[in-house]
Each structure stands twice: as C-alpha cells, then as structure tokens.
Amino acid sequence: MIYGCAVEDALTGFVIQCRGWKSIYCTPRRKAFLGGAPLNMNDTLIQIKRWSAGYLEFLFSRFCPYVYGFQRTSITHCMCYGVLCLWAPSSLYMLCYGLLPALAIFNGLSLFPKVSNPWFILFVSLAGSAYGYSLIEFVCIGGSFKSWWNEQRMYLIKGVSSYLFALFQVASKMLGLSEVGFEVTSKVVDNEAAKRHEEEMFEFGVASAMFVPPATLAVINLISLVSGVARIMREGYQAFESMVLQTFLCTFIVISSYPILEAMFMRKDKGRMPTSITVVSIFVAVSACSVASTLIPTC
C-alpha cells in the first residue's frame, strides 16, 4: 500500500513517525532544492486531483491516521494528517456553500439570520475570525496579502474541481468501476504561457472538464448577485436585512472567481477559457437556476 499510493511520500512519513522517528522543520535562507511546477491551470488541477485521491485512499487504508496512529502518535499529529485525507470530501460542503445560498437568493429565499437577529453577529464573527486568523498566520510566516488572496482563490477553484473529481475517482475504484490512474503533468515551459504567468494571469487554454464546475459556480453566483442586488434596490431595507449575508457570500465568490469570469468573457489570448467550456458552463448554470426556480418557493 505504501508504494502503491499516489502520496507515498506522506504515507511513508506518517508510518515512520508512528515508529518513533522525529521530524524537524528546516528552512535555510538559501534554497536547498529548486524544481519545476505546472504553469497552466489544467496541469495544476490534475496534480492536485492526484494528491487528493491519494490522500483519500490513505484515509481508507490500514494506515488511516485515526486508526493506525492511535496510541502510536499524538492525536494532534493524527488530526494534521486527517485534514489532508479529507481534502476530497471537503468538496461537498464547498459546493453546498457555493450553490445553495446563490440559488436561494435568486429566488428571494433567505437562509441566514436577519441583521436584527442576534445570531447574525455569530455568523459574521465566525467568518471574520476564521479569515482574519488565516491572514494573520499567513503574514506572520512571511507571506503577503496578495499571496494570501491568491491562496483563497485557488482553494475555491481546486475545491470544486480537483477535490470533487478525486472524490468520484476514489468512489469509482471502491465500487470496482475503475482504477485510480497516475496522470503525469507536463513540466514543459511554453514561452507565451510563461510570459502570462509572469504577468500573474491564470492560464486555461485547453478544454478540460475540470474547468466546468468552477466556471459554472462563478456564473451561477454572478447571476444570483445581480438578481439579489436588483431585489434589494427594488424592495429596500427589508430585502437588505434578510439577504445581506447571502449577497456578501455571492460577492465573495464572484470576486474570488474573477480570473475565471475574465477568462470566459474578456480575454482574447491563447490562455483564455475555451469557448466550449464557456458555453457548457453557462448552459449548466442557467439550467440550475431554472430548476431551482421550480423547486424553491419564490418569496
């Protein structure tokens, strides 16, 4: 199992740590190793999907951190590995938070407490403290706000694409429908792509199914945001009081997904979102909004 897993390095590390080996965090000022990484979004998401599937197999193996690590190492150590092993399943709650509030606001349905409700403060405090702590921690280890923000963007994109595909891939293997293959990512550097990378532009370019979920999510939230703002402007404070949290969440997702929306509707270079992916994503988004309109009672 150790060497038949896509994350054999993490699995091997966990096993030898459970046998008494100690780890240290070594960060010399001079970089000890340099390597290549994918520059385009498709290869990046494929690589993350491979890791996510490997970690999920790790969770269901006999080396499961919460089983094999029990009484062999500390519970906090097991929890650290457990977070990695739950990358793929976390796509489900990310989809719920990305889709349900947006589809609800599209139909005028409030899911969160009103501004006048005492629970409103709790929701705002939890979200603010979580992101605030994440930002402070990131800055304290030498990162910048811009890097942190890019991390938040990538977390959303990979969460509804790589993690989701990895979950289905491992589920198919466990049901005996398919095997988890090892997909090799290209490390060849294209000069034009490298130039766009230096300009901090996301590189899409190829028609990959991995782009459909995040692109669809971006379009749904954009539609719902426009619908929600129009409703607030039309109905005034009453709509604002009940929809403010959902509107903020849609705004956050739209801003986070701006590179995707830009690649779909504004860019003309070779790194833009392929037309086929744009058309499919818009079709799925409009269909989801239409189905939601029939299932969710309009308020």
Quiz item: How about Phe165 and Trp51: are their ring centres within less than 6.0 Å of each other?
Solution: no

Quiz item: Do we see a donor-acceptor contact under 3.5 Å between the side chains of Ser23 and Gln17?
Solution: yes

Quiz item: Looking at residues at least two apart in the chain, or sitting in another chain, which of them share a salt bridge (Lys or Arg N to Asp or Glu O under 4.0 Å) with Arg267?
Solution: Asp269

Self-check item: Partner set under side chain to side chain contact (heavy atoms under 4.5 Å, CB included) for Thr278, not counting sequence neighbours
Solution: Met264, Phe265, Met273, Ile282

Practice problem: Kindly compute the distance separating CG (Asn107) from CZ (Arg231), expressed to the nearest 0.5 Å. | Solution: 7.5 Å

Self-check item: Whether Phe145 and Trp149 hold their rings parallel, tilted or perpendicular, with breakpoints at 30° and 60°
Solution: parallel

Practice problem: Taking all non-hydrogen atoms of both residues into account, name the closest pair between Ile220 and Ala288 and its distance. | Solution: CD1-CB, 3.9 Å

Practice problem: Could you tell me the separation between the CD1 atom of Ile260 and the CD1 atom of Ile157, rounded to the nearest 0.5 Å? | Solution: 4.0 Å

Quiz prompt | Smallest separation among heavy atoms of Ile255 and Arg153, with atom names | solution = O-NH2, 3.7 Å

Quiz prompt | Spacing of Ser293 atom OG and Phe106 atom CZ [to the nearest 0.5 Å] | solution = 4.5 Å

Quiz item: Mind checking whether Met266 and Val279 sit in one hydrophobic cluster, side chains of I, L, V, M, F, W, Y counted as touching below 4.5 Å?
Solution: no

Quiz item: Taking the six-membered ring for Trp, are the ring centroids of Phe252 and Tyr131 within less than 6.0 Å of each other?
Solution: yes

Exercise. Grab the two heavy atoms, one from Gln246 and one from Leu109, that are nearest each other, plus how far apart they are.
Key: NE2-O, 3.1 Å

Quiz item: For Tyr68, which of Phe63, Tyr81, Phe58 qualifies under ring pair (Phe, Tyr, Trp, His ring centres under 6.0 Å)?
Solution: Phe63

Self-check item: From Met201 atom CE to Glu262 atom CD, the distance as rounded to the nearest 0.5 Å
Solution: 5.5 Å

Quiz item: Does any N or O in the side chain of Ser172 come within less than 3.5 Å of the main-chain N or O of Phe168, such that one atom is a donor and the other an acceptor?
Solution: yes

Quiz prompt | Closest non-hydrogen atom pair, Leu217 against Asn221 | solution = O-ND2, 2.9 Å

Quiz item: Is there a donor-acceptor pair closer than 3.5 Å between any side-chain N or O of Ser52 and the backbone N or O of Ile48?
Solution: yes

Practice problem: Look at the side chain of Ser227 and the backbone N and O of Ile223, then say whether any donor-acceptor pair between them is shorter than 3.5 Å. | Solution: no

Practice problem: Looking only at non-hydrogen atoms, find the nearest pair between Leu56 and Cys85 and report the distance. | Solution: CD1-O, 3.7 Å

Self-check item: Shortest non-hydrogen separation from Glu241 to Ser116 and the atoms involved
Solution: OE2-OG, 2.7 Å

Exercise. Quick one: pull up CD in Glu57 and CG in Leu11 and give me the separation to the nearest 0.5 Å.
Key: 10.0 Å

Practice problem: Drop me the distance from Leu222's CG to Thr251's OG1, to the nearest 0.5 angstrom. | Solution: 10.0 Å

